[in-house]
Amino acid sequence: QVQPVESGGGLVQAGGSLRLSCAASRGIFSDVTAVWFRQAPGKQREWFAQIRPEGSTVYKDSVKGRFTVSRDNAKNTVFLVMDNLKPEDTAVYYCKSMKSSWGQGIQVTVSS
């Protein structure tokens with residue numbers, strides 16, 4: 001399976017914003033839902049957002065109103081804009097579809 005590549009993470013202060021991208025060399029997001037997960041230190045990986053092929057989105061309550069998922073189907077890329085970041089958002093972030101394997105993830109660290 002194709003591995004997606006996440007990018008755009010880093011260190012940001014609480015209240016700040018980051019934009020993550022998730023790209024792949026093949027159409028792993030074509031016609032399927034793209035899903036974002038994250039894994040905080042010492043915790044299990046958790047789902048928190050997804051975007052269906054037509055663009056409708058679903059969010060976990062903890063990120064609703066702060067995170068926005070979008071997609072560019074022509075570029076086979078999925079985006080995650082994270083606003084008003086909190087220290088509890090610190091985690092390794094992953095994107096995936098049913099056509100892909102897990103990528104390496106990207107670290108997001110939010111300082112208080």
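If you read the sequence from its start, that first residue is 1, and numbering goes on from there. Note that the coordinates shown come from a computational prediction; the quantities given were computed from them, not determined experimentally.
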Side chains of residues 102-112: which donor-acceptor pairs under 3.5 Å do they make with residues two or more places apart or in other chains?
residue	atom	partner	partner atom	Å
Gln107	NE2	Ala91	O	3.4
Gln107	NE2	Thr109	OG1	3.3

message: Less than 6.0 angstrom separating the ring centers of Phe67 and Tyr59, yes or no?
response: no
task: Only pairs at least two apart or in different chains count here, so list each salt bridge (Lys or Arg N to Asp or Glu O under 4.0 Å) that has a residue in residues 50-64.
output: Glu46-Lys60, Asp61-Lys64
task: Scan residues 3-20 for pairs that pass side-chain hydrogen bond (donor to acceptor under 3.5 Å, both in side chains), counting only residues two or more places apart or in two chains.
output: Ser17-Asp83
- prompt: Of Leu20, Val12, Asp89, which meets side-chain contact (heavy atoms from CB on, under 4.5 Å) against Met82?
  reply: Leu20
- prompt: Is the number of heavy atoms from other residues, nucleotides or ligands under 6.0 Å of Arg26 CZ greater than 12?
  reply: no
Under a 4.5 Å cut-off applied to non-hydrogen side-chain atoms, are [X] and [Y] in contact?
{"X": "Thr33", "Y": "Ile51", "value": "no"}
{"X": "Arg71", "Y": "Phe79", "value": "no"}
{"X": "Trp47", "Y": "Arg38", "value": "no"}

- request: Treating Ile, Leu, Val, Met, Phe, Trp and Tyr as nodes and any side-chain heavy-atom pair under 4.5 angstrom as an edge, say whether Val63 and Val69 lie in one connected cluster.
  value: yes
field: Contact list for residues 5-112, test disulfide (SG to SG under 2.5 Å), sequence neighbours left out
entry: Cys22-Cys95
- request: For the pair Ser30 (side chain) and Ile28 (backbone), establish whether a donor and an acceptor sit closer than 3.5 Å, ignoring hydrogens and angles.
  value: no
message: Can you list everything that forms a ring pair (Phe, Tyr, Trp, His ring centres under 6.0 Å) with Phe29? Sequence neighbours excluded, please.
response: none
message: Could you list the cluster mates of Met98? Members are the ILVMFWY residues connected by side-chain heavy atoms closer than 4.5 Å, either directly or through other members.
response: Val32
